[in-house]
Amino acid sequence: MRLQQPERARAVVGVTSNRLLVDGVHRDWLRRKYVQALHRHGGVACVVLPTFDAEDAGEAFATTIMRRLDGVVLTGDESNVDPAVLSAPASLVDPDRDVEAEILDRPRDRLAAVAIQSAIALGMPILGICRGLQELNVYFGGTLRPSLAEWSLESGAMHAEKPDRPRDRQYDAAHSVRISSDGALFPIARTIEAQVNSLHNQGIESLAPALRREAWAPDGLVEAASVIGAPTLQIGVQWHPEWHVSTDLLGRQLFRAFGEACVVYRGTKNH
Ligand SMILES: N[C@@H](CCC(=O)NCCCC(=O)O)C(=O)O
């Protein structure tokens with residue numbers, strides 16, 4: 001179902017952007033699929049959160065921007081998480097080594113670290129998608145497998161992007177997931193099994209102690225995890241619920257639940 005709400009009633013959600021370096025010019029960008037799905041199926045309004053250079057990863061973001069939001073979405077992107085930056089966002093000051101297309105995006109890592117830290121401190125809803133789930137795991141001290149293809153050929157093939165297909169078809173269902181029947185995802189999905197798409201070559205190796213496993217793939221890879229003891233919905237999924245959301249029930253359920261959590265959270269804030 002498509003949610004229609006008057007603009008003034010919409011919760012406001014920050015969506016993480018990524019850094020793009022073209023012709024020596026730094027730009028922030030993200031795929032509109034995330035924003036469209038959140039607007040149409042989560043019923044929320046979106047603001048794009050800019051990435052950070054090391055010297056800017058400060059307090060102002062948390063107090064000035066995050067406090068004004070009702071939720072945060074950690075979007076997906078091809079670049080791999082740099083764990084050192086996720087755990088200490090202001091520590092690596094080397095702009096020449098900060099961005100490498102589709103491989104390294106430290107400005108994005110810094111944004112993710114500060115956004116997660118603030119959202120957890122504020123008790124704000126979080127939805128992590130693909131890289132976003134990985135960021136949550138690394139932020140809380142978990143580790144990632146650097147390459148699923150090197151971990152196991154079968155897992156590599158199951159989870160990888162399918163570059164020979166047209167872009168839209170790469171987001172078709174790729175494998176099943178088993179959903180834990182006593183977690184935060186089950187009341188949203190109302191099923192213990194679902195089909196999901198898959199476009200990643202890294203994956204959770206050790207799940208952070210602060211997270212609970214919500215869903216897993218046939219090879220055991222964690223496909224969804226939530227923050228233990230969270231006062232609201234704080235969850236990440238390894239698949240892309242946004243891409244075919246209009247025809248994907250689980251995707252719509254996720255965005256709807258997230259949007260509802262944002263509205264509830266907004267009601268608890270002192271204005
Ligand atoms: N590099 C990581 C992250 C994968 C990821 O988030 N991919 C996003 C694909 C593009 C999109 O946002 O639609 C990994 O390989 O695991």
Side-chain angles (χ1 to χ4, degrees), residues 15-20 28-38 46 48-49 51 72-86 98-109 111-113 115-116 126-139 142-153 155-175 177 196-208 215-217 219-225 235-246 248 251 254-255:
V15 287
T16 54
S17 64
N18 311 289
R19 187 68 67 90
L20 181 67
D28 285 336
W29 77 286
L30 85 156
R31 293 171 174 83
R32 279 198 48 75
K33 288 274 186 189
Y34 296 105
V35 174
Q36 284 169 341
L38 283 159
C46 295
V48 178
L49 302 177
T51 60
V72 70
V73 176
L74 308 165
T75 57
D77 188 57
E78 281 83 355
S79 61
N80 292 328
V81 171
D82 181 341
V85 179
L86 251 285
D98 253 11
V99 187
E100 222 177 303
E102 302 196 353
I103 294 174
L104 182 79
D105 189 347
R106 286 180 176 155
R108 159 62 191 257
D109 292 328
L111 167 61
I116 295 169
I126 301 174
L127 176 61
I129 297 177
C130 203
R131 187 192 212 271
L133 167 69
Q134 298 173 357
E135 290 169 343
L136 273 174
N137 188 48
V138 171
Y139 175 83
T143 60
L144 301 180
R145 292 194 187 280
S147 164
L148 294 180
E150 284 170 26
W151 175 43
S152 125
L153 281 181
S155 289
M158 182 189 301
H159 297 282
E161 213 166 309
K162 286 88 195 161
D164 48 317
R165 297 189 193 165
R167 191 69 187 154
D168 217 33
R169 299 274 68 85
Q170 292 182 30
Y171 291 81
D172 288 347
H175 62 77
V177 289
V196 298
N197 54 28
S198 198
L199 293 94
H200 58 107
N201 185 42
Q202 297 203 314
I204 292 176
E205 180 180 46
S206 67
L207 186 65
W216 57 97
D219 59 358
L221 194 75
V222 176
E223 287 280 335
I235 196 166
V237 298
Q238 187 61 80
W239 65 90
H240 286 271
E242 78 287 356
W243 198 275
H244 287 309
V245 65
S246 57
D248 170 34
L254 259 175
F255 283 111

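Every number for a ligand or one of its atoms is a count from 1 in the order of the listing. The basis for the numbers below is simple: all heavy atoms, side chains too, and nothing from hydrogens, waters or symmetry mates.
- Close N/O approach between Q238 and ligand 1 is not found [any backbone or side-chain N/O within under 3.5 Å].
- Closest heavy-atom approach to atom 5 (C) of ligand 1 within the set I129, N201, L148, D77: this belongs to D77.
- Close approach of ligand 1 to N80 (heavy-atom distance below 4.0 Å) involves ligand atoms 1 (N), 2 (C), 14 (C), 15 (O).
- Close N/O approach between R167 and ligand 1 is not found [any backbone or side-chain N/O within under 3.5 Å].
- Where the criterion is an N or O separation shorter than 3.5 Å, residue side chain and backbone included, E161 fails it with respect to ligand 1.
- Between the side chains of H175 and D219, no donor N or O sits under 3.5 Å from an acceptor N or O.
- The closest protein non-hydrogen atom to atom 12 (O) of ligand 1 is Y34 OH, 2.7 Å.
- The side chain to side chain donor-acceptor pair (under 3.5 Å) test with N18 is passed by exactly one of R31, R108, R131: R108.
- Using a cutoff of 4.0 Å between basic side-chain nitrogens and carboxylate oxygens, E242 and R32 are not scored as salt-bridged.
- Using a 4.0 Å cut-off to heavy atoms of Q134, the atoms of ligand 1 that qualify are 2 (C), 3 (C), 14 (C), 16 (O).
- Between Q202 and ligand 1, an N or O atom pair is found at a separation short of 3.5 Å.
- Considering all non-hydrogen atoms of both residues, A113 and L86 come closest at CB-O, 3.5 Å.
- For the residue pair H200 / Q202, no side-chain donor-acceptor distance below 3.5 Å is found, with atom types taken as modelled.
- Residues K162 and A174 come closest through the heavy atom pair NZ-CB, 3.7 Å.
- In this structure, atom 13 (O) of ligand 1 lies nearest to the protein heavy atom Y171 OH, 2.4 Å.
- For the residue pair T16/T75, the side-chain donor-acceptor check at 3.5 Å is satisfied.
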